[in-house]
**Student:** 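Next up is a structure, given as structure tokens.
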Amino acid sequence: QVQLVESGGGSVESGGSLRLSCAASGFLFSSYCMGWFRQAPGKEREGVASITGAGTSTIYGDSAKGRFTISRDSARNTLYLQMNSLKPEDAAKYYCARVRFSWGRCSTSSGDYFYWGQGTQVTVSS
């Protein structure tokens, strides 16, 4: 079955960096669009970034543009999110997700995603 397991979260000072990873299993990783999302307490889930199966196209949410980079390694079946210049407002639980079908729309809209990991917590202190 499809499994997505995030790691790499933690506590960092404002201006610092973190790299999140999402280990995927149970499907042909290179065939599916993948995305990163985040949710802070009391807020709606927000699309951070997405990447096509081949890794040739990416989309970023406004809060991630210029600071975050999404990438994937099909040899390792792993999705990454490099986060630089972190701000206190970036603190949230970060989730990776997969679209339901290989032909599914690749976007930063959570409604386009069907499979979700359990999330990894990111804390940013000012």
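Counting begins at 1 with the first residue of the sequence. Note that these values count all heavy atoms, side chains included, but never hydrogens, waters or copies made by symmetry.
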**Student:** Rounded to the nearest 0.5 Å, how far apart are CG of Leu18 and CG of Leu81?
**Tutor:** 9.5 Å

**Student:** Would you give the length of the straight line joining atom OG of Ser25 to atom CG of Asn77, rounded to the nearest 0.5 angstrom?
**Tutor:**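 Interatomic distance, Ser25 OG to Asn77 CG, rounded to 0.5 Å: 8.0 Å.
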
**Student:** Enter the distance from Arg19:CZ to Ser7:OG here, rounded to the nearest 0.5 Å.
**Tutor:** 9.0 Å

**Student:** Do Val48 and Thr108 make a side-chain contact, defined as non-hydrogen atoms from C-beta onward lying under 4.5 Å apart?
**Tutor:**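 When only atoms from C-beta onward are counted, Thr108 and Val48 do not touch, as no gap falls below 4.5 Å.
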
**Student:** Under 4.5 Å between side-chain heavy atoms, counting indirect links through other Ile/Leu/Val/Met/Phe/Trp/Tyr residues: same cluster for Leu28 and Phe101 or not?
**Tutor:** no

**Student:** Give, for atom OG of Ser57 and atom CD1 of Ile51, the distance between the pair rounded to the nearest 0.5 Å.
**Tutor:** 8.5 Å

**Student:** Check step by step if side-chain contact (heavy atoms from CB on, under 4.5 Å) holds for Met83 and Leu20.
**Tutor:** CA-CA 8 Å; Met83 304 188 294; Leu20 306 183; 3.8 Å; yes

**Student:** Does the side chain of Phe114 come within less than 4.5 Å of Arg98's, by heavy atoms?
**Tutor:** no

**Student:** Over all heavy atoms of both residues, which pair between Ser110 and Arg45 is shortest? Give the atoms and the distance, please.
**Tutor:** CB-CD, 4.5 Å

**Student:** Would you call the rings of Phe29 and Phe27 parallel, tilted or perpendicular if under 30° counts as parallel and over 60° as perpendicular?
**Tutor:**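 Taking Phe27 first and then Phe29, their aromatic rings sit tilted (interplane angle of 30° to 60°).
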
**Student:** To the closest 0.5 Å, what do you measure between CD (Glu6) and SG (Cys22)?
**Tutor:**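 The CD atom of Glu6 sits 5.0 Å away from the SG atom of Cys22.
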
**Student:** Could you walk me through whether Ser17 and Gln82 satisfy the side-chain contact (heavy atoms from CB on, under 4.5 Å) test, starting with their C-alpha distance in whole Å, then the side-chain angles of each, then the deciding distance to 0.1 Å, before giving a yes or no?
**Tutor:** CA-CA 7 Å; Ser17 298; Gln82 177 67 44; 4.0 Å; yes

**Student:** When rounded to the nearest 0.5 angstrom, what is the spacing between CZ in Phe68 and CG in Leu86?
**Tutor:** 5.0 Å

**Student:** Return yes if some donor-acceptor pair links the side-chain N/O of Tyr113 with the main-chain N/O of Ser107 below 3.5 Å, else return no.
**Tutor:** yes

**Student:** May I have the list of side-chain donor-acceptor pairs in residues 33-40 shorter than 3.5 Å, sequence neighbours left out?
**Tutor:**
unit_1 : atom_1 : unit_2 : atom_2 : d
Trp36  : NE1    : Tyr80  : O      : 3.1
Arg38  : NE     : Glu46  : OE1    : 2.9
Arg38  : NH1    : Asp90  : OD1    : 2.9
Arg38  : NH1    : Tyr94  : OH     : 2.9
Arg38  : NH2    : Glu46  : OE1    : 3.3
Arg38  : NH2    : Ser63  : OG     : 3.2
Gln39  : NE2    : Lys43  : O      : 3.1

**Student:** Does Leu79 belong to the same Ile/Leu/Val/Met/Phe/Trp/Tyr cluster as Ile59, with side-chain heavy atoms less than 4.5 Å apart forming each link?
**Tutor:** no

**Student:** Without placing hydrogens or testing angles, list every side-chain donor-acceptor pair under 3.5 Å for residues 115-126, not counting sequence neighbours.
**Tutor:**
unit_1 : atom_1 : unit_2 : atom_2 : d
Thr120 : OG1    : Gly9   : N      : 3.1
Gln121 : NE2    : Ala92  : O      : 3.3

